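All of these numbers come straight from a predicted model, not from anything done at the bench. Counting starts at 1 for both ligands and their atoms, in listed order.
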Amino acid sequence: MDSARRLLADMAPDFPPQYAGNLVTDTAEFMNIGHGDVIAVGGSHYLVLRDEAERRFGMEDPKFWVKRCRHLESGERRILKLEFFENFPVRIGSFEAHCYRSPQKESRILDLTRGDPRFMQGETFMDAGGHNVRVLEVVQGRRLDTLIEDLDMDHATYFRERFPEVLDRFLGACEALRFLHERGEKHGDVRRDHIFVEYQGGGWRWIDFDYAFDFHENPFGLDLFGLGNILVFLTAKGTPTPMSIPAEVAATLTGGDMSIVFGNRLVNLRKLYPYIPEDLNRVLLHFSAASEVFYDSVEELAGDLRACRARLGQGDAP
Ligand SMILES: Nc1ncnc2c1ncn2[C@@H]1O[C@H](COP(=O)(O)OP(=O)(O)O)[C@@H](O)[C@H]1O
Ligand SMILES: [Mg+2]
C-alpha cells in the first residue's frame with residue numbers, strides 16, 4: 001500500500017495521494033485492480049486510471065482485464081491487457097465454431113506485426129506470477145464505425161463522394177488480414193469497432209487479437225464473415241434493418257436479402273439504394289443468408305472488390 005503511495009509521490013506528483021492504491025506485481029486478480037493501483041511489470045510501472053469498455057448496441061460493456069494506464073517512467077498512456085480466459089461456441093448459418101481467448105495468440109501477432117502501421121503495437125511481459133501482460137500503445141484515432149456513422153451527409157452523397165476512398169482503405173485492411181493468414185494466424189474478432197482510424201493521416205489499424213477459433217470448414221472463415229459484415233456496414237453507412245428503412249422497401253425483403261450472421265440486417269443493399277452497382281452488390285450477397293458460395297480467402301474477396309473499385313471512379317476528394 002505504502003509503496004504505491006511512495007512511488008506515485010515520486011513519479012506522479014500530480015496524482016492525488018488519497019487515491020493511491022496497491023502496488024501490484026501479480027495481475028491474476030484483475031477484477032481487484034483499479035484506479036490508483038500501480039502495476040509493476042517488465043521493469044516499468046503503470047498507474048491504472050480506469051478499465052476500458054466497449055460501447056455496443058447502446059450499452060457499455062466493461063472490460064475489467066483491459067486497463068487504461070499511465071506509464072510512470074515516460075508519462076505516456078498505455079493500455080495493459082491482462083490474462084483472461086473464456087470460451088464459447090459461435091454459430092453462423094449452418095456453421096459452428098469453437099471460440100476462445102488466447103493471450104499468447106495476441107502476443108504472437110504483436111510480435112509478427114511490429115512496426116506495421118496496419119496493426120496496433122505492443123509488447124508482452126510476464127508478471128511476477130507468470131501471467132501474460134500485453135503493454136499496448138494507444139492508437140491515436142477514432143473507432144471506424146462511429147466515424148462513418150457520424151459523417152453528416154445522406155447516403156447518396158456519401159456513396160458518391162466518400163465511399164471510393166473508404167473502399168481503398170478497406171482493401172488495405174483486407175491486405176493486412178491476408179498478411180496474417182499467410183503466416184498461419186487469424187485476427188479472430190473482425191468487427192467494425194476493432195479498426196481505429198488514425199487522427200494523423202487517416203490510416204486504419206486493427207486492434208484486439210486475442211480471440212482464436214477452430215472452424216474446420218475454413219480456418220479463416222470467421223475472419224472473412226467479419227470482413228463481410230464490415231463491408232456491408234461501410235457500403236450502407238450503417239446497419240439498415242427492416243425497421244429502419246421505408247416500409248415499401250421492407251415489404252419487398254425476403255430472408256435471403258438479410259445477413260447470414262445477423263438475420264435482421266439487410267445485405268442486399270441495392271433494394272434500398274438502387275445506385276449501388278450490381279457487381280458490388282453481388283459481392284455483398286456472398287454474405288447473405290441465401291448464399292451458397294462463400295469466399296474461401298481474403299484474396300478472393302479482395303480480388304472481386306478491386307474490380308468493383310476500378311469501376312467506381314475516384315469520388316470527390318474528401
Ligand atoms: N491499442 C489500442 N488503442 C486504443 N484503444 C484500444 C487499444 N486496445 C484496446 N483499446 C480499447 O479497449 C477496448 C477493449 O479492448 P479489446 O482489445 O477490444 O478487448 P477485448 O479483447 O476484451 O475485446 C477496445 O474496444 C478499444 O476501445
Ligand atoms: Mg474487443
State the atoms of ligand 1, each with its element, that fall below the 4.0 Å cut-off from a heavy-atom position in His194.
18 (O)

Can you list the atoms of ligand 1 that are under 4.0 Å from a heavy atom of Lys81?
16 (P), 17 (O), 19 (O), 21 (O)

Which one of Glu137, Arg78, Glu54, Glu86 has a non-hydrogen atom at the shortest distance from atom 1 (N) of ligand 1?
Glu137

Whether His181 and Phe220 hold their rings parallel, tilted or perpendicular, with breakpoints at 30° and 60°:
parallel

Heavy-atom gap Ile207 to ligand 1 smaller than 4.0 Å
yes

Any idea how Phe215 and Phe213 line up, ring-wise: parallel (<30°), tilted (30 to 60°), or perpendicular (>60°)?
perpendicular

Considering Lys63, Arg101, Glu52 one by one, which has a heavy atom nearer to atom 21 (O) of ligand 1 than any of the others?
Arg101

For atom 16 (P) of ligand 1, which candidate among Ile79, Val139, Asp208 holds the nearest heavy atom?
Asp208

Please list the nearest protein heavy atom to atom 22 (O) of ligand 1 with its residue and the distance rounded to 0.1 Å.
Trp65 NE1, 2.9 Å

With a 4.0 Å cut-off on heavy atoms, is Tyr211 in contact with ligand 1?
no

Before signing off on this row, confirm whether Asp189 and ligand 1 have an N or O atom pair separated by under 3.5 Å.
no

May I ask you to check whether Arg68 has an N/O atom sitting below 3.5 Å from an N/O atom of ligand 1?
no

Ligand 1 contacted by Glu106 (non-hydrogen, < 4.0 Å):
no

For Asp210 and ligand 1, does the shortest N/O to N/O distance drop below 3.5 Å?
yes

Ignoring hydrogens, just give me the one of Phe119, Trp206, Phe196 whose non-hydrogen atom is nearest atom 27 (O) of ligand 1.
Phe196

Are Arg118 and Phe179 in a cation-pi contact, defined as NZ or CZ under 6.0 Å from the six-membered ring centre and within 45° of the axis?
yes

Counting the benzene-type ring for Trp, do Phe95 and Phe294 have ring centres under 6.0 Å apart?
yes

Is there a chain of hydrophobic side chains (I, L, V, M, F, W, Y, each step under 4.5 Å between heavy atoms) that links Phe84 to Phe88?
yes

Angle between ring planes, Phe15 versus Tyr19, binned at 30° and 60°: parallel, tilted or perpendicular?
perpendicular

Would you say the side-chain atoms of Asn132 and Arg134 include a donor-acceptor pair closer than 3.5 Å?
yes

In terms of the angle between their ring planes, are Tyr275 and Phe159 parallel, tilted or perpendicular, with boundaries placed at 30° and 60°?
tilted

Metal-centred angle, NE2 of His194 through the Mg ion (ligand 2) to OD2 of Asp208, rounded to 10 degrees:
80°

Any N, O or S atom of Glu54 closer than 2.8 Å to the Mg ion (ligand 2):
yes

Should the ring pair Phe30 and Trp65 be called parallel, tilted or perpendicular, given that the plane angle runs from 0 to 90° and is split at 30 and 60?
perpendicular

Over 12 non-hydrogen atoms of neighbours within 6.0 angstrom of CG in Asp152:
no

